[in-house]
Amino acid sequence: MILPPTSEQELLERAYTLAGFTLGELASLQGIDCPADLRREKGWVGMLLESCLGATAGSKPEQDFQDLGIELKSIPVSHTGKPLETTFVCVAPLTGVHGLTWENSHIRNKLSKVLWVPVEGEREIPLAERHVGMPLMWQPSAEEEHQLKADWEELMEFIVLGKVHEISARHGEYLQLRPKAANSKVTTEAYGAKGQPIKTLPRGFYLRTQFTARILARHFMLPESE
DNA sequence: CTATGATCATGC
DNA sequence: GCATGATCATAG
């Protein structure tokens, strides 16, 4: 059990010490068994890093390091350093959204400061042999925040108008809305077209790989297309 | 059910 | 090849 870091600098320093280790090495340091693959434990890498960095385990709907105002995100990357998956941010509110603005939204709070930890994610590499990369402390630039806010407002408009069913993952330039559930039969409450309550699949906000790729590229000075 | 941690697997 | 829609484990 590792105590929570008491400052942003301490957290970042700890994250730097993880760089270069394999997941198998970190798992054994934590006394955790490394699964053969992630098919049945998709969040395993994220949980491992939480434990290595002293994040409080649990499912609190807040930042991982709330005292520091920092969210931890592991991100699977290719050998060229590009994200292999979109990044889940949080569940999307489908009811009780009257008066909700970007400024006071849960998602904005989560993305206000993020410690990104890249991890080799190609399936050809056995899980235990995948390396942890250099961490990156990120805060959205004014431009990035503007882009996220625009997408969020577009998506929330559908939700408020009772048009959840019209939203697909194709909406949103950088932020998208996709299912977030154990399976497609799970339901949660949302607004219908006439304002009546309906049951629908829970959705989550995800950052497109294009967005996270730019964050990593700008920080690590990787070639950026476009 | 909600939340956390995400990646899988198939269709295009 | 890659994005979308579906899915897995766990805690409360």
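Below, read A as the first sequence line, B as the second, and so on, with proteins coming before strands; counting in each chain starts at 1. Keep in mind that what you see is a predicted model, and the values were worked out from it rather than measured.
Atoms CZ (A:Arg178) and P (C:dA3) sit 10 Å apart, rounded to a whole Å. Remark: C1' of B:dT7 and CG of A:Leu127 are 11 Å apart, rounded to the nearest angstrom. Taking atom CG on A:Leu48 and atom C1' on B:dA6, their separation rounds to 14 Å, with Å as the unit. The interatomic distance linking A:Glu85 (CD) with C:dA3 (C1') rounds to 10 Å, in whole Å. Across the protein-nucleic acid pair, A:Ile32 atom CD1 and B:dG5 atom P stand 16 Å apart, rounded to whole Å. To the nearest angstrom, C1' of B:dA3 lies 12 Å from CD of A:Glu50. Atom pair A:Gln210:CD and C:dC2:P shows a separation of 13 Å (rounding to whole Å applied). Between the C1' atom of C:dG1 and the CD atom of A:Glu122 lies a distance of 13 Å, rounded to the nearest Å.
Taken residue by residue, residues 87-101 of chain A places no heavy atom nearer than 4.0 Å to DNA chain C.
Two residues, A:Gln63 and A:Val186, neighbour DNA chain B, and the one matched to the more 5' nucleotide by heavy-atom proximity is A:Val186. Both A:Trp44 and A:Lys185 sit near DNA chain B, but only A:Lys185 has its closest nucleotide nearer the 5' end.
If you check every strand for non-hydrogen atoms under 4.0 Å, A:Pro179 touches a base. Counting non-hydrogen atoms under 4.0 angstrom, A:His106 reaches the backbone sugars and phosphates but no base. No contact: A:Lys199 has no heavy atom under 4.0 Å from any strand.
A:Lys180 meets the salt bridge (charged side-chain N to carboxylate O under 4.0 Å, His left out) test with no other residue; sequence neighbours excluded. For A:Glu62, the salt bridge (charged side-chain N to carboxylate O under 4.0 Å, His left out) criterion is met by no residue, not counting sequence neighbours. Every residue was checked against the side chain to side chain donor-acceptor pair (under 3.5 Å) condition with A:Glu154, not counting sequence neighbours, and none meets it.
Counting only residues at least two apart or in different chains, salt bridge (charged side-chain N to carboxylate O under 4.0 Å, His left out) contacts with residues 26-35 of chain A are absent. Listed by first and then second residue, the salt bridge (charged side-chain N to carboxylate O under 4.0 Å, His left out) pairs involving residues 85-106 of chain A are A:Glu103-A:Lys149 (not counting sequence neighbours).
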Side chains of residues 86-93 of chain A: which donor-acceptor partners sit under 3.5 Å, not counting sequence neighbours?
{"residue": "A:Thr86", "atom": "OG1", "partner": "A:Arg178", "partner atom": "NH1", "Å": "3.1"}
{"residue": "A:Thr86", "atom": "OG1", "partner": "A:Arg178", "partner atom": "NH2", "Å": "3.4"}

Donor-acceptor pairs under 3.5 Å, side chain of residues 133-142 of chain A to any protein atom, not counting sequence neighbours: which ones?
{"residue": "A:Trp138", "atom": "NE1", "partner": "A:Glu144", "partner atom": "OE1", "Å": "3.1"}
{"residue": "A:Ser141", "atom": "OG", "partner": "A:Glu143", "partner atom": "N", "Å": "3.4"}
{"residue": "A:Ser141", "atom": "OG", "partner": "A:Glu144", "partner atom": "N", "Å": "3.0"}
{"residue": "A:Ser141", "atom": "OG", "partner": "A:Glu144", "partner atom": "OE1", "Å": "3.3"}

Pairs under 3.5 angstrom only: tabulate donor-acceptor contacts from the side chains of residues 94-102 of chain A to other protein residues two or more places apart or in another chain.
{"residue": "A:Thr101", "atom": "OG1", "partner": "A:Asn104", "partner atom": "N", "Å": "3.4"}
{"residue": "A:Thr101", "atom": "OG1", "partner": "A:Asn104", "partner atom": "OD1", "Å": "3.3"}
{"residue": "A:Thr101", "atom": "OG1", "partner": "A:Asn104", "partner atom": "ND2", "Å": "3.2"}
{"residue": "A:Trp102", "atom": "NE1", "partner": "A:Glu145", "partner atom": "OE2", "Å": "2.9"}

Counting only pairs under 3.5 Å, give me each side-chain donor-acceptor contact of residues 16-29 of chain A, with atom names and distances, residues two or more places apart or in other chains.
{"residue": "A:Thr17", "atom": "OG1", "partner": "A:Arg14", "partner atom": "O", "Å": "2.6"}
{"residue": "A:Thr22", "atom": "OG1", "partner": "A:Glu25", "partner atom": "N", "Å": "3.1"}
{"residue": "A:Thr22", "atom": "OG1", "partner": "A:Glu25", "partner atom": "OE1", "Å": "3.4"}
{"residue": "A:Thr22", "atom": "OG1", "partner": "A:Ala128", "partner atom": "O", "Å": "3.3"}
{"residue": "A:Glu25", "atom": "OE1", "partner": "A:Thr22", "partner atom": "N", "Å": "2.9"}
{"residue": "A:Ser28", "atom": "OG", "partner": "A:Glu25", "partner atom": "O", "Å": "3.3"}

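OP1 or OP2 of C:dT4 lies within a sub-4.0 Å distance of a side-chain N or O belonging to A:Gln176. In this model, the phosphate group of B:dG5 is not approached by any side-chain N or O of A:Ser74 to a distance below 4.0 Å at OP1 or OP2. Contact between the side-chain N/O atoms of A:Ser184 and the OP1/OP2 oxygens of C:dT7 is found at a separation under 4.0 Å. Under 4.0 angstrom from either OP1 or OP2 of B:dC8 there lies at least one side-chain N or O belonging to A:Arg123.
The base of C:dA3 does not come close enough to the side chain of A:Tyr206 for any donor and acceptor atom to sit less than 3.5 Å apart.
In DNA chain B, the stems built from three or more successive Watson-Crick or G-U pairs (distances below 3.5 Å) are B:1-12 with C:1-12.
Classified by interplanar angle (parallel below 30°, tilted 30° to 60°, perpendicular above 60°), the ring pair A:Phe211/A:Tyr174 is tilted.
In the set B:dG5, C:dG5, C:dT4, the nucleotide with an atom closest to the side chain of A:Arg208 is C:dT4. Of the candidates B:dC1, C:dT7, C:dG5, B:dC1 carries the atom nearest the A:Thr187 side chain, counting heavy atoms from C-beta on.
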Go through the steps to decide whether A:Gln63 and A:Ser112 satisfy the test side-chain contact (heavy atoms from CB on, under 4.5 Å), and finish with yes or no.
CA-CA 10 Å; A:Gln63 293 156 309; A:Ser112 60; 3.4 Å; yes
Could you check A:Leu84 against A:Glu122 for side-chain contact (heavy atoms from CB on, under 4.5 Å), going step by step and ending with a plain yes or no?
CA-CA 8 Å; A:Leu84 291 169; A:Glu122 277 154 344; 4.0 Å; yes
Short N/O separations, protein against nucleotides 8-11 of chain C, under 3.5 angstrom:
{"residue": "C:dA9", "atom": "OP1", "partner": "A:Arg40", "partner atom": "NE", "Å": "2.7"}
{"residue": "C:dA9", "atom": "OP1", "partner": "A:Arg40", "partner atom": "NH2", "Å": "2.5"}
{"residue": "C:dA9", "atom": "O5'", "partner": "A:Arg40", "partner atom": "O", "Å": "3.4"}
{"residue": "C:dA9", "atom": "O4'", "partner": "A:Arg40", "partner atom": "O", "Å": "3.2"}

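Taking the six-membered ring for Trp and the full ring otherwise, A:His171 and A:Phe158 have centroids separated by under 6.0 Å.
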